[in-house]
2 protein chains.
Amino acid sequence: MRAHVAERLRTAILSGDIPPGAPLVETALSNRFEVSRGPLREALRQLIEEGLVVTVPYTGTHVASLSVEDVQEIYSLRTALEIFAFEQIWPHRDDRFRAELRRRNDALLVTIDAGDDRASISTELEFHGLVYEASGHRLLQRAWNGLRGRLQLYWAAHHRAHGRRGPRRDSHDSYIAAAFGDDLDAMRREIGDHMRRGVETTERFLRSLPAR
Amino acid sequence: MRAHVAERLRTAILSGDIPPGAPLVETALSNRFEVSRGPLREALRQLIEEGLVVTVPYTGTHVASLSVEDVQEIYSLRTALEIFAFEQIWPHRDDRFRAELRRRNDALLVTIDAGDDRASISTELEFHGLVYEASGHRLLQRAWNGLRGRLQLYWAAHHRAHGRRGPRRDSHDSYIAAAFGDDLDAMRREIGDHMRRGVETTERFLRSLPAR
DNA sequence: ACATCGTCGATTGTCGACAATCCTGCGCCT
DNA sequence: AGGCGCAGGATTGTCGACAATCGACGATGT
């Protein structure tokens, strides 16, 4: 039951049925979903973990409302995690996996170009999920789980505000959306630049340390 | 109350009072901590998030028991996160922070050399915590929170099994312990090599993709 | 008019009892 | 003897009621 409640509440939030900032009163929700407050509270805890809900003790819980900084954090951390995922995949690479990844990304680009937001969101989540799954790194997948809900929340809010979902192939996550798209070289440059930047900044930081 | 229960249970687990694999029966714990099963369950959920406890529906929950693969995942993900943290710190670097980091690392090395495991664990956690805190990246700090408990669990188990805590200055996390220690150059090479390896493997992966 | 304090409603936190589910071990059948 | 089914005990899952806490509103005194 608990998982089912979390699922339904998550759907209600991501669909915009319960908008960001809206209060989530436990008694009201327990009536709505026809469960006691016990399971409902545990469902809320899970959604808190996923970043869809925020709560302040003894006063109330609300649907999360992401700031610009939040979104920047989501995307920057996702980039770091995904680069790490690629590192993990490389030693166990196989052609079937890469073909599957390529196929899914093609499907993603088709849905994006068709303007079917719901389908493209779903397809994109599957695409990224495949990358993390292929890494075989359970903790990494767990970290991705903690990001996915926040991403969806942002996409949903952005879509309702601007009529299109937030990330598009030429937008925030172009680094990976472009990966298997029109310009493979551009994508290679982009990821390569990002990582080289990381190397450089880290090494500069290290050099800046006081000598012993 | 809930946070207090989680705290006490966490202490009991990390101290080895309740060893890995031991069953955690809700009724017994609710008697032990003199709270109802409601708050106790929420405390358990939190410890599950921290990786200290595992549960299987309708059968029982136990103290987590880490496998070799688990530990490898913990350390590899921590490396990725910490490199990302340094990237975040760089633009906002300031000398006071670096001096503070240096000071804490010196304290860490002192406690390690003194063989005071409890103190060195605490000091090392503070040290890493400072890095993540300085990144100003809340999601990153959250990810670190998800790793910290698992690290502590491993250290505690390793200490009881081998008489010393797991990570030492010449061990797993030497890449960062050495950072401000004896051989700054070695640490620079280590982090640099790690990141270059990441760049290389990712680029090889990208090149291996089928052309459009 | 304004500040301060108390009261009240709303919401979350906690509790004890009951229901659903799963594992174990025993009896029974083949 | 070996496998199967079934009851019993143990454990988690769920429920409804009560307690603790917080924020807002209004009374009251200066």
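Numbered from 1 within each chain, the chains take letters A, B, ... in sequence-line order.
Looking at B/Glu49 and A/Arg142, a side-chain N of the basic residue comes within less than 4.0 Å of a carboxylate O on the acidic one, giving a salt bridge.
Checked against side chain to side chain donor-acceptor pair (under 3.5 Å), B/Glu50 has the following partners two or more places apart in sequence or in another chain: B/Arg10, B/Gln46.
Atom CD of A/Glu42 and atom P of D/dT14 are 7 Å apart (whole Å). Rounded to a whole Å, the CG atom of A/Leu40 is 12 Å from the P atom of C/dG13. Atom CD of A/Glu34 and atom P of D/dG16 are 11 Å apart (whole Å). Distance CG (B/Asn31) to C1' (D/dT11): 14 Å, rounded to an integer number of Å. Atom-to-atom, CG of B/Leu24 to P of D/dT12 comes out at 9 Å; the value is rounded to the nearest Å. Following rounding to the nearest Å, A/Arg41 (CZ) and D/dG16 (P) show an atom-to-atom distance of 16 Å. One can place CD of A/Glu26 at 15 Å from P of D/dT14, the figure rounded to the nearest angstrom. Rounded to an integer number of Å, the gap from A/Ile48 CD1 to C/dT12 P is 11 Å.
For B/Glu7, the CD atom sits in a loose shell: 12 or fewer heavy atoms of surrounding residues, nucleotides or ligands are nearer than 6.0 Å. Annotation for B/Glu133: atom CD does not count as buried by contact number, only 12 or fewer foreign heavy atoms lying within 6.0 Å.
Using a 4.0 Å heavy-atom cutoff across all strands shown, A/Gly38 reaches no nucleic acid atom at all. At the heavy-atom level, B/Leu29 lies nowhere under 4.0 Å from the strands shown. Residue contacts for B/Thr55: at a heavy-atom cut-off of 4.0 Å it reaches no nucleic acid atom on any strand shown.
Within the 6.0 Å centre-distance limit, the rings of A/His137 and A/Phe84 are counted as a close aromatic pair.
A donor atom on one side chain and an acceptor atom on the other are found under 3.5 Å apart for B/Arg78 and B/His128.
Checking the phosphate oxygens (OP1, OP2) of C/dT12, no side-chain nitrogen or oxygen of A/Arg45 falls inside 4.0 Å.
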Query - Annotated protein contacts, base or backbone, on nucleotides 18-24 of chain C with a non-hydrogen cut-off under 4.0 Å, one of B, S, - each - result: --BSSS-

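Applying the salt bridge (charged side-chain N to carboxylate O under 4.0 Å, His left out) test to residues at least two apart or on different chains, the pairs with a partner in residues 61-71 of chain A are A/Asp70-B/Arg138.
Positionally, the nearest nucleotide of DNA chain D for B/Val25 lies more toward the 5' end than for the other of A/Pro39 and B/Val25.
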